[in-house]
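In what follows, a structure is listed as structure tokens, so that the remarks can point back to it.
Below, read A as the first sequence line, B as the second, and so on, with proteins coming before strands; counting in each chain starts at 1. Only heavy atoms go into these numbers, but all of them, side chains included; no hydrogens, no water, no symmetry mates.
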Amino acid sequence: MRPRAAERSLPETGAPDLARRLPLSFYARPVLEVARDLVGCTVAHGETAGVIVETEAYHYSEPACHAFVGLTPRTTTLFGPPGQAYVYRSYGIHALLNAVCEPAGVGAAVLIRALRPIAGLEQMRSRRGTEDDLELCSGPGKLTQALGVELGENGSSLLDGPVAIFATGGGSGAGSGAESVPGPGTGPVEVRSGPRIGISKAVELPWRFCLAGSPYVSRPRLA
DNA sequence: CATGGGATTGACT
DNA sequence: GTCAATCCCATGC
């Protein structure tokens with residue numbers, strides 16, 4: 001399949017290392033680790049891209065997760081192999097984007113909740129119908145609209161599919177020796193955790209992860 | 001087959 | 001702060 005434009009050229013912002021997508025081994029880990037480590041990474045779709053500033057973890061063992069009910073037509077992707085996009089319709093209106101995690105057979109995924117836009121801003125503004133860049137991707141339904149991610153991409157591979165996720169290469173490039181954590185795009189990113197948003201069950205679990213101080217996270221902001 | 005409930009958003013009081 | 005929009009699907013009769 002042909003390379004996507006956003007993979008080959010990106011604006012200066014953040015100078016992401018778009019040469020390499022996150023590998024399968026990144027997703028085949030405990031979902032809480034993946035959720036935390038995805039903050040600071042870059043997600044791209046077509047000409048558009050943004051840096052992840054907010055995520056939430058979902059695991060079959062707790063009732064807020066769709067996989068809690070077991071294997072059904074809806075949860076097939078969730079129980080599938082890691083590194084796939086789980087896209088579903090929310091409230092009959094919005095498409096929400098997740099990254100499937102943990103080994104195949106374990107229903108778990110990370111919901112991508114907010115991005116800092118870095119590429120394809122004009123297309124995002126057009127799709128979103130606003131000129132306010134803070135409103136482009138500051139919510140799970142907003143970012144899929146801005147990126148143009150749709151339900152048909154459910155089950156597609158994040159490793160070799162239309163939705164791509166990259167480490168946002170920070171200062172020390174590759175080959176810096178030391179076995180750095182395999183996931184986090186950048187070096188030091190301060191991530192805060194708190195309760196997940198918009199759920200009615202397992203509300204106490206602090207499985208939401210936000211980039212500290214980012215104006216691009218959704219509301220309510222994490223103190 | 002009928003029903004009910006959302007991993008949300010935007011408009012409005 | 002409240003509330004409707006809108007549709008997929010899990011559940012129950």
Below 4.0 angstrom from OP1 or OP2 of dA5(C), is there any side-chain N or O of Arg89(A)?
no

Choosing from dA7(B), dA10(C), dG10(B), which nucleotide comes nearest the side chain of Tyr86(A)?
dA7(B)

What is the distance, to the nearest angstrom, from the CG atom on Leu78(A) to the C1' atom on dA10(C)?
14 Å

Tyr27(A) ring centre to Arg29(A) NZ or CZ under 6.0 Å, with the angle to the axis within 45°?
no

In sequence, state the C-alpha distance, the side-chain angles, and the governing distance for Tyr86(A) and His66(A), and then conclude on side chain to side chain donor-acceptor pair (under 3.5 Å).
CA-CA 11 Å; Tyr86(A) 169 50; His66(A) 293 164; 2.7 Å; yes

Does Thr72(A) make a side-chain N or O approach to OP1 or OP2 of dA10(C) shorter than 4.0 Å?
yes

Atom pair distance, as rounded to whole Å: CG in Leu143(A) and P in dA7(B):
16 Å

Which whole-number value in Å describes the distance from Asp132(A) CG to dT9(B) P?
14 Å

Do Tyr91(A) side-chain and dA7(B) base share a donor-acceptor contact under 3.5 Å?
no

Beyond-backbone contact of Leu158(A) with Leu22(A), side-chain heavy atoms, under 4.5 angstrom:
no

CZ of Arg74(A) versus C1' of dG6(B): gap in Å, rounded?
8 Å

Could you tell me whether a side-chain N or O of Glu54(A) sits under 3.5 Å from a main-chain N or O of Leu211(A), the two making a donor and an acceptor?
no

Among dA5(C), dA10(C), dG6(B), which is the nearest nucleotide to the side chain of Ser200(A)?
dG6(B)

Could you give me the CA-CA distance, side-chain angles and deciding distance for Glu56(A) and Arg196(A), then say whether salt bridge (Lys or Arg N to Asp or Glu O under 4.0 Å) is met?
CA-CA 7 Å; Glu56(A) 282 177 1; Arg196(A) 295 174 292 184; 5.4 Å; no

Measure from the side-chain heavy atoms of Lys142(A) and tell me the nearest of dT8(B), dT11(C), dG10(B).
dG10(B)

Considering only heavy side-chain atoms of Pro140(A), the closest of dG10(B), dT9(B), dA7(B) is dT9(B)

If you find the nucleotide of DNA chain C closest to His94(A) and the one closest to Leu151(A), which residue's nucleotide is nearer the 5' end?
His94(A)

Have a look at Arg208(A) and say if it touches a base, only the backbone sugar-phosphate, or nothing, with a 4.0 Å heavy-atom cut-off.
nothing

From the set dA5(C), dA7(B), dA10(C), return the single nucleotide nearest to any side-chain atom of Ile93(A).
dA5(C)

Separation of dA7(B) atom C1' from Arg219(A) atom CZ, nearest Å, is 19 Å

OP1 or OP2 of dT8(B) less than 4.0 angstrom from a side-chain nitrogen or oxygen of Arg113(A), does that happen here?
yes

Sugar-phosphate, base or nothing in reach of Leu111(A), heavy atoms under 4.0 Å:
base

